[in-house]
Amino acid sequence: MIFLKNKNFYLVFLVLSILLHLLTINFQPVNDEYIFFKGADFILTFEKNYSQIFFEYNANTLGFSYLIAIIKFFFPFLETSQISKLLSVTSIFFYAEVARMLYIYFKPKVNFKILLLVIILNPLIWNYAFRGIPNPFSSGLCLYAVCKIIFLKNINFRLFFLILFSFGVIIKPFNAILLLILFYVFYFEKNIKLKELAIFILTFSLIISIYFVLNYIKYDFYLMPKSYSALFKPNLNNFIVSFFTYIGFLFFASYPFFIKIIYDFCLRNKIYNLIYYSLIFVVVLYISKKFDIFLTEMNFGFLSQYLKKDIYELIIIINNFFFFTCIIHIFSNRQNNKNLKKNYLFLILILLFIFIMSFTHSAQRYILVLIPIFYIIFLSLKNMLLMQIISIISYIILNVIIFLNFYNNHVSITNIVNYLNDKNLIKETNPGYIGQHALNNFTSFYDENGMIEKSEIFENKKYIIKDFKNINDKSIYETKVNTFGIKKNLFILENL
């Protein structure tokens, strides 16, 4: 009934959000996005040696690229780059449906429209949906499938969505952590029969095992290529950095949404709170000073250039402080709340996920799967409408700024590539700065002799592309894009 009242708003917002993302379907790729659709191109050659080129540039399995290749096979008029972005755009639908189902399941103390807006407009969810990478699609798909399994009663429908969930885990294995939610619902809410549970376990295990065993047979690894094992080898330093940085970023994704919770907590047990605050602050401050939190990919993207290291560390410290304050608030809440057990479980799920992921190479995109869960926990508590509105406005402003930079990247890279093609200089140019974004413009990655070595792409080139120019640098071409004050400069320099 609640959803029916908001149905028109839901549909209009969903359609507009998807259309806005589709406008960028032909934008230049950013941050290694290119390798996933090129991976599909490698697969479609049906040559094993070409498929292995993917692992020279990325530590993922080919799961996402296989999906792109399958879609390309049935829809040959679409470019693989377009398919990868279309898959990411579907995450908007998945997250919208997750918001709807979580709202029904938790019945939080917030308007449904607010919940929908804060989840979809969250800068991480909104902006990763522009990029053709596996994270937004797989995280959205797995969350959506889990919610469907919880809500549906028909075993055949449940089995169908379990299969979808399994494919989402194949694309990004860390999403398997969501099985804890199913375990809670099945065990504590008696939501499944023993026979059905056995079928689910067998189906999931069979699908996952078949894929990763075949992956091992074909590529000689299960989850990660051996060449990346040493790079991502766990160590205590990186674990501590990743753990607290994940928490800092997760809480940053909620600003200023939870100020009311922190304010309420501050008003109670002031002496006790002072001791708690001091302890938590000292611990987090010590960790941030002892360990270099810039070791990870956890940063603010292009906005990081405007932040000093000390400011960045301060943000992480404060966010950890607030996060643990909110946790204490929830666990000290003795009110008669039907969702209290669910809150405890979901908090444990979040902390366990962060704990596990902290052993690996950390990045913002890995917390996409946590954001709706994180919101729903705290939205089950009392929140001020003013803070909710401020949050949504701040998300919109930040999304506009990030999009302008995204647009500038597209225009500047396109200008550079067009110039090099017009002057027939592509093969004489080291991709430099563009190499991390749109390397596909500079190489086919293979020819009749096999894989093109990286040295042939980057070394012994007459020119190089940079995003800055020193006084003594000689430039043959430069592009300067300025969109509403957001600037992007690229230069083709003589490689002296």
Give me the ring orientation class for F239 and F359: parallel if the planes are under 30° apart, tilted from 30 to 60°, perpendicular past 60°.
tilted
Can you tell me how far apart CD (Q364) and CZ (F249) are? Round to the nearest 0.5 Å.
5.0 Å
For F403, does the CZ atom sit with more than 12 other heavy atoms under 6.0 Å from it, leaving out its own atoms?
yes
Using the rule side-chain contact (heavy atoms from CB on, under 4.5 Å), only one of L117, L115, L121 pairs with I119; which is it?
L115
K172 and N60: side chain to side chain donor-acceptor pair (under 3.5 Å), yes or no, with the steps?
CA-CA 8 Å; K172 273 295 180 182; N60 287 272; 2.5 Å; yes
For T24 and H21, indicate whether the former's side chain and the latter's backbone hold a donor-acceptor pair under 3.5 Å.
yes
Dump the intermediate steps for side chain to side chain contact (heavy atoms under 4.5 Å, CB included) on S81 and Y34, then the final yes or no.
CA-CA 7 Å; S81 60; Y34 68 88; over 6 Å; no
Would you say the ring centers of F112 and Y103 fall short of 6.0 Å from each other?
yes
Please walk me through it: do F445 and Y57 pass ring pair (Phe, Tyr, Trp, His ring centres under 6.0 Å)?
CA-CA 11 Å; F445 297 95; Y57 296 86; 5.3 Å; yes
Is the shortest side-chain heavy-atom distance between D41 and N440 below 4.5 Å?
no
Do P431 and F458 make a side-chain contact, defined as non-hydrogen atoms from C-beta onward lying under 4.5 Å apart?
yes
Donor-acceptor contact present, side-chain S139 to main-chain P136, <3.5 Å
no
Is there a side-chain contact between T203 and S166, using heavy atoms and a 4.5 Å cut-off?
no
Can you check side chain to side chain contact (heavy atoms under 4.5 Å, CB included) on I104 and F151, steps first, answer last?
CA-CA 10 Å; I104 296 171; F151 274 86; 3.7 Å; yes
One should read off an interatomic distance between F55 CZ and F42 CZ, to the nearest 0.5 angstrom, of 10.5 Å
Looking at CZ of F165 and CG of L141, how far apart are the two atoms once the value is rounded to the nearest 0.5 Å?
9.0 Å
Side-chain donor or acceptor of T90 paired with backbone N/O of L87 under 3.5 Å:
yes
Inter-residue atom distance S358.OG - I247.CD1, 0.5 Å rounding
7.5 Å
So, does H437 use its side chain to make a donor-acceptor pair with the main chain of P29 at under 3.5 Å?
no
When Y144 is tested against each of F94, Y95, F137, F167 for ring pair (Phe, Tyr, Trp, His ring centres under 6.0 Å), which residue passes?
F94
Test your reading of the model: is there a side-chain donor-acceptor pair from K148 to the backbone of R158, 3.5 Å cut-off?
no
Point-to-point distance, once rounded to the nearest 0.5 Å, from CG of L124 to OH of Y366:
14.0 Å
Main-chain N/O of Q28 paired to N409 side chain as donor or acceptor, under 3.5 Å:
no
Give me the atom names and distance for the closest heavy-atom approach of K72 to L78.
NZ-O, 2.7 Å
Under the side chain to side chain donor-acceptor pair (under 3.5 Å) criterion, do T61 and N215 qualify, and how do the steps go?
CA-CA 8 Å; T61 69; N215 192 74; 5.4 Å; no
Quick check against the 3.5 Å criterion: does S91 have a side-chain atom that pairs as donor or acceptor with the backbone of S88?
yes
So which heavy atom on P173 is nearest to which on F212, and how close?
CG-CZ, 3.8 Å
With a 4.5 Å limit on heavy-atom distance, are the side chains of F64 and S138 in contact?
no
Heavy atoms only: give me the nearest A96-L14 pair and the separation to one decimal.
CB-CD1, 3.9 Å
Are side-chain heavy atoms of K38 and T80 found at a separation under 4.5 Å?
no
Partner of N127 under side chain to side chain donor-acceptor pair (under 3.5 Å), picked from N399, N122, N405, is N399
Could you walk me through whether Y66 and I170 satisfy the side chain to side chain contact (heavy atoms under 4.5 Å, CB included) test, starting with their C-alpha distance in whole Å, then the side-chain angles of each, then the deciding distance to 0.1 Å, before giving a yes or no?
CA-CA 11 Å; Y66 274 121; I170 285 174; over 6 Å; no
Spell out, as yes or no, whether a donor-acceptor pair under 3.5 Å connects the side chain of Y211 to the backbone of G63.
yes
Where do Q436 and D32 land on the side chain to side chain donor-acceptor pair (under 3.5 Å) test, with the steps shown first?
CA-CA 6 Å; Q436 64 178 316; D32 295 331; over 6 Å; no
With heavy-atom distances below 4.5 Å as the criterion, would you say the side chains of I155 and I199 are in contact?
yes
For I181, the option from L178, I177, L179 that meets side-chain contact (heavy atoms from CB on, under 4.5 Å)
L178
Closest approach of L351 and F243, non-hydrogen atoms and distance?
O-CE1, 4.3 Å
Ring centroid separation for Y246 and F353, is it under 6.0 angstrom?
no
After noting the C-alpha distance and the side-chain angles of I354 and L250, does the key distance pass the side chain to side chain contact (heavy atoms under 4.5 Å, CB included) rule?
CA-CA 10 Å; I354 292 175; L250 186 60; 4.2 Å; yes
Nearest heavy atoms of A69 and L44, plus distance in Å
O-CD2, 3.8 Å
Taking N408 for its side chain and I486 for its backbone only, find out whether a donor-acceptor pair lies under 3.5 Å.
yes
Could you tell me the separation between the CD1 atom of I71 and the CG atom of L67, rounded to the nearest 0.5 Å?
4.5 Å
Step through it carefully: locate the ring centre of F27, locate the ring centre of F130, and say whether they are under 6.0 Å apart.
no
Beyond-backbone contact of R131 with V30, side-chain heavy atoms, under 4.5 angstrom
yes
I want to check something: taking the side chain as every heavy atom from C-beta on, are I356 and F174 in contact at a cut-off of under 4.5 Å?
no
Which heavy atom of L62 sits nearest a heavy atom of S51, and at what distance?
CD1-O, 4.0 Å
Are K454 and E56 within salt-bridge range, i.e. N to O under 4.0 Å?
no
